[in-house]
Amino acid sequence: MSDEQKSLQQIIDFRIEKLNKLKEDGVNPYPTKYEPTHFSESIKSNYNELEGKTVKVAGRIMAIRKMGKASFAQIMDSEGRIQFFIKRDSVGEAVYSHFKLLDIGDFVGVEGEVFTTKTGEISIRTAALTVLAKSIRPLPIVKEKDGEVFDAFSDKEQRYRNRHLDLILNPEVKETFIKRASIIKTVRNYLDDLGFLEVETPVLQPLYGGANARPFTTHHNTLDQTLYLRIADELYLKRLIIGGIDRVYELSKDFRNEGMDRSHNPEFTMLEFYWAYADYEDCMNLVEELFREAAIKVDALQVDWGGMDIDLSKPFARKPIFELLNEATGQDLSKSSDDEIRSICKEKGVDVSDSANYGQMLDELMSKLVEPKLIQPTFVVDYPKATSPLAKAHRNGDPNLVERFELFIGGAEFANSFSELNDPIDQRERLEAQAVLREKGDDEAQPVDESFIQAMECGMPPTGGVGIGIDRMTMLLTGNRWIKDVILFPALRPEK
RNA sequence: GAUCCGGUAGCUCAGCUGGUAGAGCAGUGGCCUUUUAAGCCAUUGGCCGUGAGUUCGAGUCUCACCCGGAUCACCA
């Protein structure tokens with residue numbers, strides 16, 4: 001009996017039997033079309049006008065309560081659920097017998113007048129019942145009373161592996177993805193209105209760059225060429241800035257061949273935009289407004305994120321990284337040597353590898369001591385040059401700093417931005433320094449992209465650039481703590 | 001990658017210090033013409049994640065592996 005469990009097969013067999021009975025009785029269980037006139041929730045909210053009127057609704061049967069010669073059942077459509085009442089004396093023996101062959105999970109069309117039952121539930125008194133699709137595999141049964149849910153379909157593995165069931169049975173899932181679409185639409189509209197041009201750049205790249213991460217590798221047969229799935233769009237978008245597209249953005253899937261956890265999925269959605277003649281402060285203002293705009297659209301100006309009350313309505317804080325680090329360590333790290341910083345790491349119980357350089361140690365101190373405390377939206381500004389090979393040196397003349405910010409909310413990073421480096425000689429030196437790191441075994445350091453540097457040598461205007469993790473933004477604005485809950489089909493190990 | 005927790009019927013779960021696998025829902029057969037976790041009677045359904053081991057005997061104990069989750073590590 002193949003790999004199906006016996007009892008499941010039994011259920012399926014029964015359903016196929018019913019399917020065949022319907023066919024034998026001249027019912028097409030899979031017709032081509034049905035035209036509903038109304039949806040469930042709008043019927044309820046417009047009851048005063050619709051009472052006694054005939055409506056047609058279509059949806060999936062989610063509950064059946066049979067009482068001999070009359071029954072109640074509930075169908076779910078795109079708006080919600082509504083109950084219909086079906087009586088043998090009203091629809092006739094034949095139709096009623098067809099109804100009795102239906103199961104939870106089947107699609108039906110119901111036509112009848114709107115009324116209220118004795119117990120006060122707005123319902124449809126069925127005059128005509130149309131089978132729209134018979135299901136043969138059972139749905140998990142979830143019941144509910146007074147807001148309390150029984151036997152919830154809650155196993156995370158099952159939910160992610162069977163997203164269709166998750167969507168049917170856990171209404172908040174659909175809600176999250178409706179909001180996700182709304183957030184993305186808001187982002188697009190916002191940038192479009194400012195004159196940014198949306199573009200598409202290669203996913204398959206001969207050389208990857210624009211971030212520090214390990215890539216996925218693939219191979220083009222005809223070209224007999226190794227290609228990488230992009231880890232960022234940055235270098236291509238800057239070529240467009242060089243080419244004269246002064247405001248440009250891309251909403252794209254990026255791919256990073258790294259660990260997975262509650263905030264990392266191997267493929268994820270990233271917004272990057274580049275803005276000629278602007279600097280990182282302009283970008284900061286834009287990002288702040290963009291977040292607020294999106295939050296308003298999905299009603300999340302104040303949002304509970306895993307017990308943290310995040311307030312996006314107030315101006316975001318802006319703090320230099322060394323101010324935060326100095327507060328956290330009680331030392332002026334901007335004036336400390338590598339060895340001094342190493343001993344501070346030790347003192348504060350922050351693990352760093354022996355080979356960690358200045359930038360990596362500061363990174364580590366930030367992520368252990370500072371970032372978890374950045375609950376309300378905070379722009380951390382003015383990063384050390386060592387970890388920012390694509391950012392412009394700070395205008396204040398400090399040779400160790402670049403004009404860069406990262407946005408932290410609820411202890412997590414949401415955006416990364418800088419005044420883009422447009423000095424081709426400096427850029428070449430910095431990428432070559434990355435290449436040295438690479439040779440020393442840092443497989444996340446970026447390779448030198450000669451054609452990118454050559455493009456920059458043709459002249460690149462001063463530019464502000466930003467990357468925003470759209471999945472994380474969605475997590476925040478929908479109150480979800482797991483990236484898997486904002487990605488419809490998150491990466492999972494294959495089922496054996 | 002490390003540690004911990006979990007995997008038992010289609011679903012949600014119980015199963016004590018080893019002694020022949022349980023409930024509710026769903027399903028099936030009845031009864032039931034205003035129910036709503038509908039109800040009542042009867043009833044089907046298990047490679048107890050996989051594989052070894054210990055034992056007279058393993059869902060239960062040991063080991064390995066697979067899948068998921070949590071924490072940490074790695075990582076924007």
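A note on names: the letters A, B, ... follow the listed sequences, proteins ahead of strands, and every chain is numbered from 1.
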> Run the side chain to side chain donor-acceptor pair (under 3.5 Å) check on Gln9(A) and Asp13(A) step by step: do they pass?
Replying inline: CA-CA 6 Å; Gln9(A) 192 57 49; Asp13(A) 288 345; 3.1 Å; yes

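Checked by distance alone, Glu121(A) brings no side-chain donor or acceptor within 3.5 Å of a matching partner on the base of U35(B).
Counting non-hydrogen atoms under 4.0 angstrom, Ala152(A) reaches the backbone sugars and phosphates but no base. Asp146(A) comes within 4.0 angstrom of nothing in the nucleic acid, heavy atoms only. Within the 4.0 angstrom heavy-atom criterion, only backbone atoms of the sugar-phosphate kind lie near Phe14(A); the bases stay farther away. In this structure, Lys368(A) reaches the sugar-phosphate backbone alone: every heavy-atom distance under 4.0 Å involves primed, P, OP1 or OP2 atoms, never a base. Base engagement by Glu406(A) is indicated by at least one non-hydrogen atom pair under 4.0 Å involving a base atom. Among the protein residues, Arg125(A) comes within range of the nucleic acid bases, having at least one heavy atom under 4.0 Å from a base atom. Residue-level contact check: Arg262(A) touches the backbone only, with heavy atoms under 4.0 Å from sugar-phosphate atoms and none from bases.
G29(B) and A14(B) have their P atoms separated by 32 Å, given to the nearest Å. Only the P atoms considered, G59(B) is 23 Å distant from C66(B), to the nearest whole Å. Rounded to whole Å, the C1' atom of A58(B) lies 13 Å from the corresponding atom of U20(B). Comparing the same atom, C1', in A23(B) and in C4(B) gives a spacing of 30 Å after rounding to whole Å. Using atom P as the reference point in both G15(B) and A9(B), the two lie 15 Å apart (nearest Å). Rounded to a whole angstrom, the distance from the C1' atom of G22(B) to that of U44(B) is 15 Å. Comparing the C1' positions of C11(B) and C74(B) gives an interatomic distance of 37 Å, to the nearest angstrom.
Nearest nucleotide to the side chain of Phe72(A), out of U34(B), C74(B), A26(B): U34(B). Taking the side chain of Lys18(A) as heavy atoms from C-beta on, and the options U28(B), G24(B), A70(B), the nearest nucleotide is U28(B). For Ile141(A), the listed nucleotide lying nearest its side chain is A26(B); candidates were U34(B), A38(B), A26(B). Here C11(B) is the nucleotide among C11(B), A37(B), U12(B) with the atom lying nearest to any side-chain atom of Pro140(A). For Trp482(A), the side-chain atoms get nearest to A70(B) when compared with the rest of C67(B), A70(B), A38(B). Side-chain proximity of Arg214(A) to U35(B), A26(B), C74(B): nearest is C74(B). In the set G68(B), C74(B), U34(B), the nucleotide with an atom closest to the side chain of Phe85(A) is U34(B). For Gln83(A), the listed nucleotide lying nearest its side chain is U35(B); candidates were G27(B), U35(B), A73(B). Distance from the side chain of Lys484(A) is smallest to G69(B) among G69(B), G68(B), U35(B). Side chain of Asp151(A), nearest nucleotide from G24(B), C67(B), U34(B): G24(B).
In this entry the distance linking CG of Leu165(A) with P of C11(B) reads 10 Å, nearest Å. Note: CD1 (Ile11(A)) to C1' (C25(B)) measures 11 Å, nearest angstrom. Per the geometry, CE belonging to Met67(A) stands 12 Å off P belonging to A38(B), to the nearest Å. With rounding to whole Å, Gln10(A) atom CD is found 10 Å from U28(B) atom P.
In this structure Glu250(A) satisfies the side chain to side chain donor-acceptor pair (under 3.5 Å) test together with Thr201(A), Arg230(A), sequence neighbours excluded. Ser40(A) is linked by a side-chain contact (heavy atoms from CB on, under 4.5 Å) to Asp77(A), Glu79(A), Ile82(A), counting only residues two or more places apart in sequence or in another chain.
Going from atom CG of Leu191(A) over to atom CG of Leu271(A) covers 6.0 Å, rounded to the nearest 0.5 Å. Annotation: the span from Glu288(A) atom CD to Leu312(A) atom CG amounts to 9.5 Å, rounded to 0.5 Å. To the nearest 0.5 Å, atoms CG (Leu324(A)) and CG (Leu369(A)) are separated by 11.0 Å.
When both distances must be under 3.5 Å, the Watson-Crick or G-U wobble mate of U43(B) is G27(B). The nucleotide G53(B) finds its pairing partner in C61(B), both defining distances of the Watson-Crick or G-U wobble pair being shorter than 3.5 Å. In this structure, G1(B) forms a base pair with C72(B), meeting either the Watson-Crick or the G-U wobble geometry with both donor-acceptor distances under 3.5 Å. Base pairing annotation: A37(B) forms no Watson-Crick or G-U wobble pair, as no partner gives both donor-acceptor distances under 3.5 Å. Look at G6(B): its Watson-Crick or wobble partner, with both distances under 3.5 angstrom, is C67(B). Across all strands shown, U17(B) remains unpaired; no Watson-Crick or G-U wobble contact has both distances below 3.5 Å.
Phosphate proximity of A37(B) to Lys145(A): present, with a side-chain N or O under 4.0 Å from OP1 or OP2. Gln158(A) has a side-chain polar atom (N or O) that falls below the 4.0 Å cut-off from OP1 or OP2 of C11(B). Taking 4.0 angstrom as the limit, Arg65(A) places none of its side-chain polar atoms (N or O) nearer than this to OP1 or OP2 of U35(B).
When ring centroids are compared, Tyr208(A) and Tyr228(A) come within the 6.0 Å threshold. Close placement of the Phe414(A) and Trp305(A) rings is indicated, their centers lying within 6.0 Å of each other.
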Enumerate donor-acceptor pairs with a distance under 3.5 Å from any side-chain N or O in residues 63-73 of chain A to protein atoms, sequence neighbours excluded.
{"residue": "Arg65(A)", "atom": "NH2", "partner": "Gln83(A)", "partner atom": "OE1", "Å": "2.9"}
{"residue": "Lys66(A)", "atom": "NZ", "partner": "Lys100(A)", "partner atom": "O", "Å": "3.3"}
{"residue": "Ser71(A)", "atom": "OG", "partner": "Tyr96(A)", "partner atom": "OH", "Å": "2.7"}

Name every donor-acceptor pair, under 3.5 Å, that has one atom in a side chain of residues 147-155 of chain A and the other anywhere in the protein, sequence neighbours excluded.
{"residue": "Asp155(A)", "atom": "OD2", "partner": "Glu157(A)", "partner atom": "N", "Å": "3.3"}
{"residue": "Asp155(A)", "atom": "OD2", "partner": "Gln158(A)", "partner atom": "N", "Å": "3.0"}

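More than 12 heavy-atom neighbours from other residues, nucleotides or ligands sit within 6.0 angstrom of CZ on Phe177(A). Other residues, nucleotides and ligands place more than 12 heavy atoms under 6.0 Å from the NZ atom of Lys44(A).
Residues of residues 248-258 of chain A having a heavy atom closer than 4.0 Å to RNA chain B, listed by number: Arg256(A), Glu258(A). Near RNA chain B, meaning a heavy atom under 4.0 Å away, the residues from residues 105-117 of chain A are Phe115(A), Thr117(A).
Side-chain contact between Met308(A) and Val303(A) is absent, with no heavy-atom pair separated by less than 4.5 Å.
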